[in-house]
Protein chains: 2
Amino acid sequence: MMSFLDKIFRCDCPVTSAMDIIGDRWTLVVIKMMLLEYKKTFKEFSESDESIAPSILSNRLKMLEKDGFIRKVKVAHNLKTNYYILTEKGLSLSPVIIELAFWSHHNIKRFDNPIVNVKDKTELFNIIIDRYKSNTAVL
Amino acid sequence: MMSFLDKIFRCDCPVTSAMDIIGDRWTLVVIKMMLLEYKKTFKEFSESDESIAPSILSNRLKMLEKDGFIRKVKVAHNLKTNYYILTEKGLSLSPVIIELAFWSHHNIKRFDNPIVNVKDKTELFNIIIDRYKSNTAVL
DNA sequence: ATATATTACTTTTGATTTGATAGTAAAAGT
DNA sequence: ACTTTTACTATCAAATCAAAAGTAATATAT
């Protein structure tokens, strides 16, 4: 399994290299589940509307961990459940996800989420990240 | 060939639906070539650093046209060359691409482009779109 | 006018990725 | 002790991707 530290990029272009990392059908979707829907466990990801197959989910979680976007943690008195949480690097993708959400809201389908009404985007990023952090503070 | 008007989305989520449209290794890369590098012809796309295969390029251009992101035009006195230009809908993706560029600049590889120094992003989007339009005004 | 080069593709074929289904193993609940 | 839950792994068919070669129309050079 490769992390993007040793990934061979198609070329030197930063945008293209970004697509080498997140340019597939699932990577940003899983990060979105975490960032905006506060999903944390394999089960929660599995049961989401997207119906991600367990083999794909397992693979993406491993990749995301290798690339440093997420961390896998356990809580005391529960040896079974793994909790996946976004790292600062994972959170750094929130502007991209939010721009995608805005774009989709205006071009594909309405987003029933108060975030589309916030005017100042920089402030919005902070709100979303703060919410995420308070939601995962216990972990 | 399907356009996204009749595409079946995985679920109702706007972000996921956006990934159903642009979540692959090439779609945003081709749009980036147009928006930031002013590439316009099949030949120019083919000769770019990314080394896109002609079959993939052909397929993506068709999809992008079907989905209304680009238009294919010819100029007078040249029956051979096709020029592909971004529509308003295609240009509406520029905030997403620019956020990707910023993210990559800070997390993967430096972006040798003055855009990374512009402070106000809304203003930046306008600058990029204006530049693109003046560059394609003749078409 | 003819030959060569250019542009824009399509076709073919093989490799890789995706995704549905089934199965396994350890921990937790009853 | 038995059942359920959680977190996966394994298998395999289908879809997609990608490299290479081939084709066709237009444009340019001689």
Side-chain angles (χ1 to χ4, degrees), chain A residues 1-2 4 7-11 16 19-30 33-34 38-67 70-85 139, chain B residues 1-4 7-11 16 19-30 33-34 39-67 70-85 139:
Chain A
M1 200 88 45
M2 286 207 300
F4 83 71
K7 196 190 290 276
I8 291 147
F9 295 110
R10 271 175 284 185
C11 65
T16 302
M19 294 309 284
D20 285 335
I21 295 167
I22 58 158
D24 71 280
R25 281 165 56 80
W26 287 110
T27 299
L28 282 188
V29 170
V30 171
M33 291 177 187
M34 300 176 78
Y38 310 118
K39 304 235 163 91
K40 295 170 198 68
T41 65
F42 200 96
K43 185 170 188 278
E44 284 169 346
F45 298 130
S46 291
E47 288 172 348
S48 64
D49 289 344
E50 281 86 356
S51 310
I52 185 169
S55 57
I56 298 167
L57 176 58
S58 174
N59 175 270
R60 290 313 133 114
L61 290 171
K62 279 196 178 72
M63 293 237 196
L64 287 169
E65 197 184 3
K66 269 256 160 94
D67 287 349
I70 65 175
R71 256 179 342 115
K72 190 178 179 177
V73 299
K74 286 200 186 285
V75 293
H77 310 306
N78 186 340
L79 296 176
K80 188 162 52 165
T81 307
N82 291 320
Y83 294 88
Y84 297 93
I85 56 172
L139 299 174
Chain B
M1 199 89 43
M2 285 206 302
S3 104
F4 84 71
K7 196 189 291 275
I8 291 146
F9 295 110
R10 272 174 282 186
C11 65
T16 302
M19 294 308 285
D20 284 335
I21 294 166
I22 58 157
D24 72 279
R25 281 165 53 81
W26 287 109
T27 300
L28 283 188
V29 171
V30 172
M33 290 177 187
M34 300 175 78
K39 303 235 163 90
K40 294 170 198 70
T41 64
F42 199 97
K43 184 171 189 273
E44 285 168 347
F45 298 130
S46 290
E47 288 172 348
S48 63
D49 290 346
E50 281 86 355
S51 309
I52 185 170
S55 57
I56 298 167
L57 177 57
S58 173
N59 175 271
R60 290 313 132 114
L61 290 172
K62 278 196 179 70
M63 294 238 196
L64 287 168
E65 197 184 1
K66 269 257 160 90
D67 287 350
I70 65 175
R71 255 174 349 111
K72 190 177 179 177
V73 299
K74 286 200 186 285
V75 293
H77 308 305
N78 186 339
L79 297 174
K80 187 161 58 167
T81 307
N82 292 318
Y83 293 88
Y84 297 93
I85 56 172
L139 298 173

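Just so you know, these numbers come straight off a predicted model, no measurement behind them. Residue numbers start from 1 in every chain, and the chains themselves are labelled A, B, ... in the order their sequence lines are given, proteins ahead of strands. Quick note: numbers below take in every heavy atom, side chains included, and nothing from hydrogens, waters or symmetry partners.
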Self-check item: Shortest side-chain distance from B:Lys72, nucleotide among D:dA7, C:dA8, C:dC9
Solution: C:dC9

Quiz item: Reckon A:Arg25 has a side-chain N or O less than 4.0 Å from the OP1 or OP2 of C:dG19?
Solution: yes

Self-check item: Residue whose closest nucleotide on DNA chain C lies nearer the 5' end, A:Asp24 versus B:Glu44
Solution: B:Glu44

Self-check item: Candidate nucleotides C:dT18, D:dT6, C:dC9, ranked by approach to the side chain of B:Asn82 - the nearest
Solution: C:dC9

Practice problem: Please report, rounded to the nearest Å, how far the C1' atom of C:dT11 is from the CG atom of B:Asn59. | Solution: 14 Å

Self-check item: N or O in side chain of A:Trp26 less than 4.0 angstrom from C:dT17 OP1/OP2
Solution: no

Dump the pairs, protein N or O against N or O of nucleotides 11-16 of chain D, anything under 3.5 Å, distances to one decimal.
none

Quiz prompt | Selected nucleotide, minimal atom distance to A:Lys43 side chain, candidates D:dC8, D:dT6, C:dT7 | solution = D:dT6

Quiz prompt | Nearest-angstrom distance from the residue atom CG of B:Leu57 to C1' of C:dT11 | solution = 16 Å

Quiz item: Using a cut-off of less than 4.0 Å, is there contact between a side-chain N or O of A:Tyr84 and OP1 or OP2 of D:dT6?
Solution: no

Quiz item: Can you tell if the side chain of A:Leu61 reaches within under 4.5 Å of the side chain of A:Ile70, non-hydrogen atoms only?
Solution: yes

Exercise. Grab the NZ-C1' distance between A:Lys74 and C:dA27 for me, whole Å please.
Key: 9 Å

Exercise. Write down the distance between CG (B:Leu64) and P (C:dC9), rounded to a whole number of angstrom.
Key: 13 Å

Practice problem: Look at the side-chain N and O atoms of A:Lys62 and state whether any lies under 4.0 Å from the OP1 or OP2 oxygen of D:dT9. | Solution: yes

Quiz item: Is any side-chain nitrogen or oxygen of A:Ser58 closer than 4.0 Å to OP1 or OP2 of D:dT9?
Solution: yes

Exercise. Starting at CD1 of B:Ile22, measure out to CG of A:Leu28 and round the result to the nearest 0.5 Å.
Key: 8.5 Å

Quiz item: Under 4.5 Å between any side-chain heavy atoms of A:Lys40 and A:Tyr84, yes or no?
Solution: no

Quiz item: Which part of the nucleic acid, if any, lies within contact of B:Ser46, taking any heavy atom under 4.0 Å across all strands shown: a base, the sugar-phosphate backbone alone, or nothing?
Solution: nothing

Exercise. Could you pull out all residues at least two apart from B:Thr41 that satisfy side chain to side chain donor-acceptor pair (under 3.5 Å)?
Key: none

Practice problem: Output yes when B:Arg60 and B:Asp24 qualify as a salt bridge under the 4.0 Å nitrogen-oxygen rule, no when they do not. | Solution: yes

Exercise. Could you check if a side-chain atom of B:Met33 sits within less than 4.5 angstrom of a side-chain atom of B:Glu50, using non-hydrogen atoms only?
Key: yes

Self-check item: Earlier contact from the 5' end, DNA chain C, for A:Ile56 and B:Tyr83
Solution: B:Tyr83

Quiz item: Do any N or O atoms from the side chain of B:Lys39 and from the backbone of B:Glu44 form a donor-acceptor pair under 3.5 angstrom?
Solution: no

Exercise. Mind running side chain to side chain contact (heavy atoms under 4.5 Å, CB included) on B:Thr27 and B:Met63 for me, showing each step along the way?
Key: CA-CA 9 Å; B:Thr27 300; B:Met63 294 238 196; over 6 Å; no

Quiz item: Just how far, in rounded Å, is C1' of C:dA8 from NZ of B:Lys39?
Solution: 17 Å

Where do N or O atoms of nucleotides 28-30 of chain C meet protein N or O atoms at under 3.5 Å, pair by pair?
| residue | atom | partner | partner atom | Å |
| --- | --- | --- | --- | --- |
| C:dA28 | OP1 | A:Leu79 | N | 2.6 |

Quiz item: In whole angstrom, what separates A:Ile52's CD1 from D:dT9's P?
Solution: 14 Å

Exercise. In whole angstrom, give the distance that lies between atom NZ of B:Lys40 and atom C1' of C:dT7.
Key: 16 Å

Quiz prompt | Side-chain heavy atoms of B:Met19 within contact of A:Trp26, under 4.5 Å | solution = no

Self-check item: d(CZ, A:Phe42; C1', D:dA7) in whole Å
Solution: 6 Å

Quiz item: Quick one: are B:Ile52 and B:Val30 in side-chain contact, heavy atoms under 4.5 Å?
Solution: yes

